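Here the structure is a predicted model, which is why all the values come from computation and not from measurement. Naming: A, B, ... by sequence-line order, numbering from 1 per chain.
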Amino acid sequence: MIEGILVDGLIFALLALGVFISFRILDFPDLTVDGSFATGAAIAAICIINGLGIFAATVLAFIGGAVAGAATATIHNKLKLPNLLSGILVMTMLYSINIRILGGRANIALLRVDTMITKVIGFGGSLPREYTLLIFMLLFVGIIKILIDIFFRTDLGITMGALGNNEQMIKTNGVNPETMKVIGLSLSNGLVALSGAILGQYQGFADAKLGQGMIVEGLAAVMLGEFLLRSNKIFVITLRVVLGAILYKGLMFFGRYYGYYIHMTPSDLKLITSVLVIVSLVIARSQDAAGQRRKERR
Amino acid sequence: MIKLEHISKVFHPATVNENLAINDVSLTVNSGDFITIVGSNGAGKTTLFNLISGSLFPSGGSLRIHDLEMTRVPEFKRSKYIGRIFQDPTLGTAANMSLEDNMVICSSKGFKGLKMTLNSASRKAFSEELRPLAMGLEDRLKDNVGLLSGGQRQALTLLMTVLSRPDLLLLDEHTAALDPRNAQMVLEMTQRFITDYNLTAMMITHNMKHAIDYGNRLLMMDKGEIILDVSGEEKRRLTVDTLVKKFHEIRQEEFASDEGLLST
């Protein structure tokens, strides 16, 4: 059970890292995620079915998400639409595009084909299925996390970090904020699509509506993580996003299994998730206000 | 070095809110000038800075920096030549990032690649650069800038801007949001940097005394026009009284907001 939650959480952590980059680093509430998550799953599924290989499928899924992110950023930059609307528009476009990718179907099953998951389980030999997957996902997410950490220690990454904080400062220092948004949203949605690609293979099917409500779930994970650890170091910040994602999946698991004691059904989980985000925001704000008062008293 | 020719700026053209913010301004800023700018609220001082820095484009006229046509070049490209400090101390630095991260962003202008320049050598260099501020910032490289006071943040912004050696330094009432002690400190630091690094600067101030005490040239603006431009010996002889008298001579009318202009 616990290993199932951990695998779920780690797959979901990739999405949470993407949401973290758009919401927290770029301060760009990017709703593309709901579409690009399914795009990732769809691209990976169709590539695998057509025998392109698992590696190519995964890379293409990442690229597909990145293109979606770049599209959102470009609509926002060049047509001067508000960031929320740009994301919603691309998300809506992606619903249609995802069905196109899936060959005119709303979903596609990955039966009797080799996926990343079946390969990994095969590699594990006599180890129990879930444990093999867990070790693999730990390694996979660990590597991605470290790559993100390294990126945000480069000059480009540090500059991107300032964008959500202070766009004027970016311009004053001769950097085009539009370029930063394109790079940032591409990276963000690439990770989201990667998460979708793995989830699709894990659950054995890709669905054009796989991403529905994912943005709020990712946000909940990011915010839960922020209660776990406080730091301004990127290494700790990305770690807490991963932990937040696992914690979120754990909470949802218990909600699903023990929720019936309070007459809760699985369909209530989206409601709970959104309430969780609202509560987190209110708590975080009151903590900020308290911190501000402490600072002023000094 | 910077040449504005017949620059004008109209906000909300062809509407009832049409507002001529800058009216046919021509100005040449020479290398080494330290220009102070005074004028009542709404005179167009900040709009003039916005036009020079590129955050606004003029409705008419042309602007050249180093003989390069810059009238419609976007702000981030002009930043190579221009360093700008705002009244609001939070605009110059990123609050949620550490001091060293902020200094990395300001240490070079233009697009930054995947290099990692933040290492022990550059940290040491940052410390050395911060030491002359005498604020203890050299030991707080890992602290978030949001933890610093307004005065410290403005001093840091000033230092980082100066270290990038801009051809033109634009100071938009950069001490107005600080308490008097910090304001004086930042102002003295500004004077020292401008002298030490031989910078060309323009400074907007609401304080007539500062406008007279600092710089080698003084501009007075009103209703989107430069109504007074004095430099050299003539500027050295200026007093607050003669400045106010001069203004009335030119405009032959009462100031809309005398208090703002007369505070010393």
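- Judged by distance alone, the side chain of B:Lys115 and the main-chain N or O of B:Lys112 form no donor-acceptor pair under 3.5 Å.
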Q.
Evaluate B:Lys124 against B:Glu100 for salt bridge (charged side-chain N to carboxylate O under 4.0 Å, His left out), listing each step before the verdict.
A. CA-CA 10 Å; B:Lys124 215 164 151 214; B:Glu100 56 185 25; over 6 Å; no
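- Interface residue B:Thr90: only backbone heavy atoms are found under 4.5 Å from chain A.
- Under the rule for a side chain to side chain contact (heavy atoms under 4.5 Å, CB included), the partners of B:Thr93 that lie at least two apart in sequence or sit in another chain are B:Asn102, B:Val145, B:Arg153, B:Leu156, B:Thr157, B:Met160.
- Here the rule is side chain to side chain contact (heavy atoms under 4.5 Å, CB included) with A:Asp155, and of B:Val104, B:Leu114, B:Ile105 only B:Val104 fits it.
- Contact of A:Ile25 with chain B is not made at all, since no heavy-atom distance falls under 4.5 Å.
- Contact annotation for A:Asn165: only side-chain heavy atoms (C-beta onward) come within less than 4.5 Å of a heavy atom of chain B.
- Note on A:Thr172, A:Asn176, A:Leu163, A:Ile170: by heavy-atom pairs under 4.5 Å with chain B, the leading option is A:Asn176.
- Proximity to chain B is limited to the side chain of A:Asn166, based on heavy atoms less than 4.5 angstrom apart.
- The side-chain tip of A:Lys249 points at the ring of A:Phe12 from less than 6.0 angstrom away and within 45° of straight on.
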Side-chain donor-acceptor contacts of residues 136-150 of chain A below 3.5 Å, not counting sequence neighbours, with atom names and distances?
{"residue": "A:Lys145", "atom": "NZ", "partner": "A:Asp149", "partner atom": "OD2", "Å": "2.6"}
{"residue": "A:Lys145", "atom": "NZ", "partner": "A:Phe235", "partner atom": "O", "Å": "3.0"}
{"residue": "A:Lys145", "atom": "NZ", "partner": "A:Thr238", "partner atom": "OG1", "Å": "2.9"}
{"residue": "A:Asp149", "atom": "OD1", "partner": "A:Thr238", "partner atom": "OG1", "Å": "2.7"}

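- Neither the backbone nor the side chain of A:Met160 has a heavy atom closer than 4.5 Å to any heavy atom of chain B.
- Contacts of B:Ser108 with chain A are made by backbone atoms alone, with heavy-atom separations under 4.5 Å and no side-chain atom involved.
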